[in-house]
4 protein chains.
Amino acid sequence: MARGSRSAQIPDEADSKSQRTRARILDAAAHVLSVKGYAGTRLSDVADYAGLQAPAIYYYFPSREDLIEEVMFAGIADMRRHLQEALDELPDGTEPIDKILAAVDAHLRHELELSDYATASIRNSGQIPERLRTRQQKETNAYNALWLRLFSEAADAGQLRSDLEIRVALGLVLGALNWTAEWWNPRRTSVDTVVANAQSFVRAGLSPASAPARRRRGSGSRR
Amino acid sequence: MARGSRSAQIPDEADSKSQRTRARILDAAAHVLSVKGYAGTRLSDVADYAGLQAPAIYYYFPSREDLIEEVMFAGIADMRRHLQEALDELPDGTEPIDKILAAVDAHLRHELELSDYATASIRNSGQIPERLRTRQQKETNAYNALWLRLFSEAADAGQLRSDLEIRVALGLVLGALNWTAEWWNPRRTSVDTVVANAQSFVRAGLSPASAPARRRRGSGSRR
Amino acid sequence: MARGSRSAQIPDEADSKSQRTRARILDAAAHVLSVKGYAGTRLSDVADYAGLQAPAIYYYFPSREDLIEEVMFAGIADMRRHLQEALDELPDGTEPIDKILAAVDAHLRHELELSDYATASIRNSGQIPERLRTRQQKETNAYNALWLRLFSEAADAGQLRSDLEIRVALGLVLGALNWTAEWWNPRRTSVDTVVANAQSFVRAGLSPASAPARRRRGSGSRR
Amino acid sequence: MARGSRSAQIPDEADSKSQRTRARILDAAAHVLSVKGYAGTRLSDVADYAGLQAPAIYYYFPSREDLIEEVMFAGIADMRRHLQEALDELPDGTEPIDKILAAVDAHLRHELELSDYATASIRNSGQIPERLRTRQQKETNAYNALWLRLFSEAADAGQLRSDLEIRVALGLVLGALNWTAEWWNPRRTSVDTVVANAQSFVRAGLSPASAPARRRRGSGSRR
DNA sequence: AATGAATGAGTCTTCATTCAT
DNA sequence: GATGAATGAAGACTCATTCAT
C-alpha cells in the first residue's frame, strides 16, 4: 500500500540524518493523509508510521498544518515536474495527440507507482481548508495549464473531435486518470496494462472518428 | 453548492414533521460529509446546517457513526435505484452501447443535480472505517455489477474495442464520471453539456474504430 | 430484588389513579436509587421502571432532587414509624434488652422484607448533597434517638456490659443490621434465620457475661 | 476526611515522579469515590484533588473506568494483604477466637486509619457495573474466605455459639465493622476505643455463654 | 395526564501543542 | 534531536428539564 518515498525520486533531498528524518515524516504524512483524509490525519499516526514520537515532528515542522500543506504541495509539484520532464523528453515534431498520450503515461505512472503524495494531493484537494491551499492551488493551476496547452494544440491540429469542449474533455480525462487510485489493484492488473488501456481509451475518446486508428508508435509509452 | 434533498426524490419519505426533521438532518450530514470528509464532519456543523442543536441529532440517530453510515448507504443505494430505473425505461432492443450512454446520463445527472449523497458517498468511500462499510459495500458491489453487465453485453455484441480490458475500461469510465463533481462549475457549463461531452467521449473511447460514428438518437438522454 | 411498595404499607396513600401513579414513581425511584446510587439514578431509568416516560415525572415532582429527597425521607420516616409501632406493641414491663431485640427484629424485617426505601436511604445517606439532607437528617436523628433511649435504659438497668460505650455499641449494632442488605441472599437464608441470629448475636454481644443466657421468650419476634 | 495514601503503605510503589503522580491520581480517585459514589465521581474532581488537569489522567489511565476499577481492586487487595499480615504475625497456638479479634483489629484500623480505598471499595461494591467487578470480586471472595476460615476454626474449637450460623454471624460481624466508616467521628472517639468496643462486642457476641469471660491476653490488640 | 421533540449544561475523551529535560 | 509529562481547546454524547400538543 505504501509507495515510494519522495526523497528517493528527488536528487539532493536525502542528506544528513536530520534531512532523512524530515523526509521520513513527510512520507509518513503523505501516507496517512492518502488513507485517512485531511481531518483524519493525526500527528500520532504520522509519528507511529515514521517511527518516532509526535512531539518530535515539531522539530521539523512548525505545525500540523504546515506539514500537511507541504505534503499537498509536494504532491502536485512533483507531479508537474514529472510531467514536464516527460514532455521535455519527447522528440520535436511529436504529434499533439501523442503528447497527450505521453502525459497520460506520466500521470498514471506517477500516481500509481511513485507516490502517496499524489494520492494524498488528489484525494484531499477538496477537503483542506482555504488557508492551506495557496501554494497548492498555484501549482495545480500550472499543472492544469500544461494539460490545457496539450489539448489546445490537439484541437488546433484537428486532432480533437469538434463536439468536445476542451475543458470538459480535459476534466473527463483527468478524472479517468485520477480515479484509478481508487480502484486499481496491483495484484490483478499491471500498471502497464492500465496505462495501455487508458491511452487507447483517451486516444479513441478524443480523436475525430475519421482519423484512421493508426497503431500507436510507442511514442506515449516507455516500454 | 448544496443540492437537492433525498426526500424530494424518494416517495413516501417526507411525512410527519418528525420524518421531515430526520430527513433534514440526513441532508445536512450528506452536505457536510461531501465537503469536509468523514473525519472532518462535526455534528455541530450538521446541526447548524439542519437548523437545530447538535444533541437533537441523537433523538433521530443513535450516534454520529450511524448517521454517517446511513448517508453513505443512501448515497449509492439511491444511485443504484436511479440507474436501475433509467435502464428499465429503455425500450427493448436498445443497443448495448446505447445502454451504456444512458447509464452515463443517469450517473452524471444524479451526481451533479440531485445529490450531496452521491458526492459524499463517492468522496468518502475510501476514508470511512471498516465497520461502517458493510451495507455500503454490498450496495456498491451491486452498483458496479450493473455497470459490468452493460460492459459485458457491449463486449459480447462487439461494441467494445478488443484492446480494452472490460474492468479497466469500466474503471476509467466511472472515474471520468465520478470526478466531475470535483471540477464541474455549474456557472460555466450546463449539466447537459457535461452529459453530452461525456457520452461522446465514452462512446468514442469504447467503440471499435470501424464503427461509423452514428449520430446518437437521443436514447441516452432524456432531454 | 424489588421489594414491597410503600403505599401497600401505609394506609390512606393509595387513592386516585393520580396518587397511584405518584406512588409508582416513588417506588421506582427507591428501587433505582437503592441499586444505582444517588448520582447514578437517572430519571429515564425511574420512568422505565414505573412504566412511563421521563417527562411525566414532572407532573408529580418538581425536580429530580425533590423526588430523590422524598424517597430518602420516606425511607427513614417509614423505618421510624415501623420501629415506633413495634415498640408501642410491647407489653409494659418488657425488659430493656428485650426491647432492643424487638427493635432488631423490626429494623431487619423492614429493611429486608419491606422496602427499597430503606436500602436506598441507608446506602445513599453519605452520598446525597447537603441541601437534600435537611428533612432526612431530622428523621435520622429521631430514629437514632429511639435506639439511643433503648440503649440508655439497658445501661441503666445494668443490662449493657460496662466495657462498652453506649454510642459505639449502638453504631456496631446498627452497622450489623444495616449491612445485611449487602449480603443477604433470600434463597440461602430466611429472614427469620437472619433475625434470630442477629438477636442472639446482639443479646450476647451487649449483655454482661454474668447474665445467664436465658432462653429468650420470643418477646422480640412476632413469628 | 482524606486519609493516608496507598503508596505510603506499600513499599516500592513510590518511585519516580511519574509513579508518584500516578499514585496521587489513584489516591484522589479513592477519596472522591468514597465520598461521591461511583456515578458521582467526576474526573474533574479527581483531577482537582490530585492537583492537575483532567486530561492528564489519561496519560496514566486509559479511561475513567479503568481508574475506578483499579481503586476498587486496590481497596480490597490492600485490605486482604493487611489482614493476612496481621494474621501471619500471630504466635502459633493463638486461640481461634483471638484470631478473630486480631482480624477485627486489622480490619477496623485499615478502614478507619489508612484508607479511602477501603471506604471506596466498601461503599461502592454494590454500585459499580458488572464489567468492572471481575478482579475486585475475586479479591473480595478471597478476603471473605480468610474470615470464613477463622470462623470455621472457631466453630470447630467450640468457640462459636451453636445457635449461630457461621455465614450469618460473619455477615453481622463484617457489617458492624464496615459500617463504622459511616458514623465514626475521630473527634469524639479514638480508633483504639472503637477497636476495643468492637472486639468486646464481637467476642461476647460469638462466644458460648458458658465460657467464662476470660480477660483477653491482648493477643488480638496491639495494646 | 402524558408524550414527542428539543435544548442547555455538563462530562468523558481526543489531540495538537508546549516545555523541561 | 527527541521524549515524557502535561495542558487547553474542542467534540461526541448524556441527561435533566421544558414546552407544545
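Scope of the values below: all heavy atoms of this structure, side chains included, with no hydrogens, waters or symmetry mates. Residue numbers begin at 1 in each chain, while the letters A, B, ... track the order of the sequences.
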Pairwise distance CD1(C/Ile68) to CG(C/Leu43) - rounded to 0.5 angstrom: 7.5 Å
Lys/Arg N to Asp/Glu carboxylate O, C/Asp45 vs C/Arg42, below 4.0 Å: yes
A/Arg22 to A/Tyr60, cation-pi by 6.0 Å centre distance and 45° axis angle: no
Evaluation steps, side chain to side chain contact (heavy atoms under 4.5 Å, CB included), between D/Ile76 and D/Gln136: CA-CA 7 Å; D/Ile76 354 115; D/Gln136 191 207 2; 3.2 Å; yes
Spacing between A/Phe61 atom CZ and F/dG1 atom C1', to the nearest angstrom: 15 Å
Yes or no on side chain to side chain contact (heavy atoms under 4.5 Å, CB included) for D/Thr21 and D/Tyr59, after CA distance, side-chain angles and deciding distance? CA-CA 10 Å; D/Thr21 306; D/Tyr59 190 81; over 6 Å; no
Taking the side chain as everything from C-beta on, heavy atoms only, tell me whether D/Gln127 gets closer than 4.5 Å to C/Gln127. yes
Using 0.5 Å steps for rounding, measure from the CD atom of D/Glu70 to the OH atom of D/Tyr117. 8.5 Å
Specify the separation, in whole Å, of atom NZ of A/Lys36 and atom P of E/dT14. 14 Å
Hey, which sits more toward the 5' end of DNA chain F by its nearest nucleotide, C/Pro62 or B/Pro62? B/Pro62
Would you call A/Arg131 and A/Glu69 a salt bridge, using N to O less than 4.0 angstrom? no
Interatomic distance, A/Leu67 CG vs E/dT17 P [rounded to whole Å]: 10 Å
Interface polar pairs with nucleotides 4-8 of chain F, N/O, under 3.5 angstrom:
from: F/dA5; atom 1: OP1; to: D/Ser18; atom 2: OG; distance (Å): 3.1
from: F/dA5; atom 1: OP2; to: D/Tyr59; atom 2: OH; distance (Å): 2.7
from: F/dA6; atom 1: OP2; to: D/Tyr60; atom 2: OH; distance (Å): 2.1
from: F/dT7; atom 1: OP2; to: D/Gln53; atom 2: N; distance (Å): 3.0

For atom OH of A/Tyr58 and atom C1' of E/dA20, their distance in whole Å: 17 Å
Nucleic acid contacts - residues 40-47 of chain A versus DNA chain F, non-hydrogen atoms under 4.0 Å: none
For the residue pair A/Arg123 and B/Tyr38, would you count it as a cation-pi contact if the rule is NZ or CZ under 6.0 angstrom from the ring centre and within 45 degrees of the ring axis? no
Output the rounded distance in Å from OH (A/Tyr38) to P (E/dA16). 10 Å
Stems in DNA chain F: runs of 3 or more consecutive Watson-Crick or G-U pairs, distances under 3.5 Å? E:2-21 with F:2-21
Does some side-chain heavy atom of D/Asp48 sit less than 4.5 Å from a side-chain heavy atom of D/Val32? no
Distance, rounded to the nearest Å, where D/Ile68 contributes CD1 and E/dC12 contributes C1': 11 Å
Kindly indicate, with the supporting measurements, whether the criterion side chain to side chain contact (heavy atoms under 4.5 Å, CB included) is fulfilled by C/Arg64 and C/Ile57. CA-CA 9 Å; C/Arg64 172 183 182 270; C/Ile57 294 175; over 6 Å; no
